[in-house]
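Within every chain, numbering begins at 1; the chains are lettered A, B, ... in the order of the sequence lines, protein sequences first and strands thereafter.
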Protein chains: 2
Amino acid sequence: MKLKDFAKLVGMSATTVSRALNGHPEVNAQTRARLIAAARQHGYQPNAHARFLAMGHASTIGCVIPIGGRNEIVNPIYADFLAGVGEECARRRFEINLTVVPEEEQPDAYRALSSKGLIGGVIVQFPRHDDPRPALLDRIGLPYVVHGRVTGHDGPYSWVDVNNQRAFQRGTEFLLQLGHRRIALINGDERLDFARRRRDGYLRALADAGVGADPALMASGEMTAAYGYAQARRLLGGARPTAILCAATMIATGVRQAVEEAGLVLGRDLSVLTFDDDLSYYANREAVPVFSAMRSPVRVAGARCAALLIDRITGGPGDPVQELLEAELVIGRSTAPPA
Amino acid sequence: MKLKDFAKLVGMSATTVSRALNGHPEVNAQTRARLIAAARQHGYQPNAHARFLAMGHASTIGCVIPIGGRNEIVNPIYADFLAGVGEECARRRFEINLTVVPEEEQPDAYRALSSKGLIGGVIVQFPRHDDPRPALLDRIGLPYVVHGRVTGHDGPYSWVDVNNQRAFQRGTEFLLQLGHRRIALINGDERLDFARRRRDGYLRALADAGVGADPALMASGEMTAAYGYAQARRLLGGARPTAILCAATMIATGVRQAVEEAGLVLGRDLSVLTFDDDLSYYANREAVPVFSAMRSPVRVAGARCAALLIDRITGGPGDPVQELLEAELVIGRSTAPPA
DNA sequence: CTGAAAGCGCTTACAG
DNA sequence: CTGAAAGCGCTTACAG
């Protein structure tokens with residue numbers, strides 16, 4: 001059904017119906033209520049393309065997923081993030097356009113989506129410390145929100161981030177207070193901005209406590225169980241740490257396996273504290289969680305990114321907005337004073 | 001830049017430019033080549049909404065992800081599937097619309113996406129044995145392709161599936177040939193169609209070999225490491241099986257942990273054969289893989305679903321098409337004759 | 001508070 | 001092989 005048909009059906013002009021459905025103030029409140037009810041009843045929905053065309057901007061958020069690069073983003077964290085974006089979009093009546101492209105074609109993809117009018121803005125995911133995307137998007141003139149931060153980018157931009165530095169600083173301090181002195185860090189890829197901030201927090205806490213950092217206790221790579229397992233084996237083979245900070249629950253899972261295979265007991269012989277993205281699929285949420293964790297839901301971050309981006313798309317230009325989420329320190333069964 | 005401007009720029013009418021860019025046969029091959037090159041050079045891209053409006057159908061595939069239901073689909077398998085869909089869409093110049101809705105609102109979401117003209121068709125994911133979506137979509141008149149099958153649905157429909165029954169039958173036969181007689185099955189949720197077919201294949205192989213099925217050796221639930229771990233502990237505590245079939249690598253990972261914790265050696269004391277969706281994030285791809293597996297890439301399935309759906313959307317009605325993929329039986333280090 | 005008309009940027013019969 | 005014109009289904013100044 002199209003607007004004209006529906007307008008005839010309810011005995012109003014198309015103009016009035018359109019205004020009522022879009023919540024314009026000119027139309028009588030009773031009329032509006034009646035028309036909205038009638039639309040639902042008859043299942044009338046305005047054609048989105050005609051709408052976008054007439055309004056001049058797409059009510060659509062772009063998510064561009066690079067593929068086949070070194071940081072394969074097709075990962076569980078991305079799925080939960082998208083769920084958060086989706087929830088906010090549903091609330092605000094926005095759509096999500098998902099594009100999968102080889103990493104080197106990302107700039108072209110942004111340009112194409114923008115000039116085709118398919119999206120009103122994009123969310124930039126997994127930014128690197130010196131990520132070129134904000135500068136590119138500024139040049140194209142496409143609104144964006146960064147999930148995380150791009151330290152190397154000049155000028156203001158909107159972002160949503162969790163306070164990674166503080167989380168890892170607090171986490172390290174917690175382990176220090178328990179009496180640990182040999183604390184290892186199994187970090188994500190440190191070309192990624194958030195991974196650097198995490199390392200900074202860890203180093204800051206050690207320095208504040210007068211504990212020297214040992215490069216042999218620091219690793220940086222993929223956030224997978226396999227990587228956690230391999231690094232834990234390496235660490236257990238050498239001058240053993242008494243505690244390990246992990247950048248992701250998947251890493252911690254690998255660490256746990258290595259610990260158990262070595263005949264050690266988690267939380268007694270070796271403490272593990274992990275960053276927990278609170279993924280719906282990898283629950284660490286029992287009354288007393290398996291892993292002590294710095295927990296921050298990536299799903300909430302997705303929703304907030306979408307919220308800020310939609311504000312920018314609908315509100316026109318204006319000062320960029322930043323939002324810093326704090327991680328909780330949740331104590332579970334994997335931490336204790338050193339044996 | 002819009003068509004009119006671009007047409008003026010190259011000294012042609014908008015009509016001719018449009019036809020050239022859309023590959024219509026009427027336009028001179030030289031002219032076409034010249035116009036295509038010029039479009040790329042000047043960065044002209046037709047506005048997608050105007051295009052959809054004029055053409056009458058959206059070149060967009062809908063992916064509707066239910067959330068918060070019993071089968072939380074926000075999972076690693078979904079991410080790889082989407083990557084496959086995205087690859088095919090990129091090739092065919094289609095877009096992906098991603099919608100996240102509570103499970104009970106799924107029918108409304110389909111109707112809304114369809115009547116807003118946002119999508120040309122949808123992919124139905126994780127179908128249940130008696131899934132109501134095909135019937136609903138038939139009623140709405142929205143083209144669709146099912147990833148998997150809906151045994152309970154009357155009438156023809158398009159689907160792409162892996163031969164789950166044969167995979168599990170072959171897998172079970174392989175274990176039987178090694179000499180196993182007590183073979184357990186840790187399956188996915190058996191309300192899902194594919195899980196039933198897997199169980200059927202397992203039971204058929206046992207029956208063909210004259211081996212009785214033992215309900216105590218069969219489990220069905222979430223495809224997570226936690227579930228695999230819990231079920232493996234249960235199985236190891238009772239009259240122990242000598243081999244376990246798993247419905248997912250994540251389950252197998254949990255089983256492996258339970259096996260190792262029990263002081264047993266995988267592939268010597270207990271054989272494990274798993275269905276492997278070949279996720280990019282959970283590689284089981286070494287020269288000699290950790291897990292012996294029935295392997296079928298879910299990413300390829302995503303690409304094939306997209307291909308069939310795009311054919312249906314652009315080709316108009318016609319007989320539904322089915323595509324059955326076969327899983328490979330890949331032998332790794334987790335299977336051997338019983339001790 | 002309501003409506004007739006123009007315009008958003010394309011595609012595609014129709015006419016040449 | 002090419003072009004002028006109508007039409008896709010909306011929204012929104014403009015006029016009442």
Seminar exercise, completed: note: L35(A), atom CG; dT11(D), atom P; distance rounded to Å ~ 13 Å
Problem set entry | Integer-rounded Å distance: dG9(D) P and L53(A) CG | 12 Å
For this session: Round to the nearest Å and state the distance from L3(A) atom CG to dG7(D) atom P.
Result: 18 Å
Seminar exercise, completed: Rounded to the nearest 0.5 angstrom, the CG-CG distance for D277(A) and D80(A) is 8.5 Å
For this session: Carefully, step by step, assess D131(A) and V146(A) under the rule side chain to side chain contact (heavy atoms under 4.5 Å, CB included).
Result: CA-CA 11 Å; D131(A) 204 290; V146(A) 178; over 6 Å; no
Exercise. Pick from I119(A), I310(A), N97(A): which one makes a side chain to side chain contact (heavy atoms under 4.5 Å, CB included) with I61(A)?
Worked result: I310(A)
For this session: Would you kindly give the NE2-to-P distance between H57(B) and dT12(C), to the nearest whole Å?
Result: 9 Å
Exercise. What integer distance in Å separates N47(A):CG from dG9(D):C1'?
Worked result: 6 Å
Exercise. Got a donor-acceptor contact below 3.5 angstrom from the S115(A) side chain to the R111(A) backbone?
Worked result: yes
Exercise. What is the distance, rounded to the nearest whole Å, between atom CG of L118(A) and atom C1' of dG9(C)?
Worked result: 13 Å
Problem set entry | Nucleotide-level pairing of DNA chain D, given in dot-bracket where Watson-Crick and G-U pairs need both distances under 3.5 Å and | marks other strands | |||.||||||||.|||
Problem set entry | V122(B): which of T60(B), L137(B), V145(B) passes side chain to side chain contact (heavy atoms under 4.5 Å, CB included) | L137(B)
Problem set entry | Nearest-Å distance once atom C1' is located in both dG16(D) and dT12(D) | 16 Å
For this session: Quick one: sort the Y144(B) and Y157(B) rings into parallel, tilted or perpendicular, breaks at 30° and 60°.
Result: parallel
Problem set entry | Neighbour count >12 (heavy atoms, 6.0 Å) for atom CD, Q30(B) | no
Exercise. What's the shortest heavy-atom distance between H49(A) and G117(B), and which atoms?
Worked result: NE2-O, 2.8 Å
Exercise. Within this structure, what is the OH-to-P distance between Y44(A) and dG9(D), rounded to whole angstrom?
Worked result: 10 Å
For this session: Write down the distance between CG (D5(A)) and P (dC8(D)), rounded to a whole number of angstrom.
Result: 11 Å
For this session: Specify the residue among T31(B) and M55(B) whose closest nucleotide of DNA chain D lies further upstream toward the 5′ end.
Result: T31(B)
For this session: Under 4.0 Å from any atom of DNA chain C, heavy atoms only: list the residues of residues 6-28 of chain A that qualify, in numerical order.
Result: S13(A), T15(A), T16(A), R19(A), E26(A), V27(A), N28(A)
Seminar exercise, completed: Minimal heavy-atom distance between A38(B) and V10(B), with the atoms involved, is CB-CG1, 3.8 Å
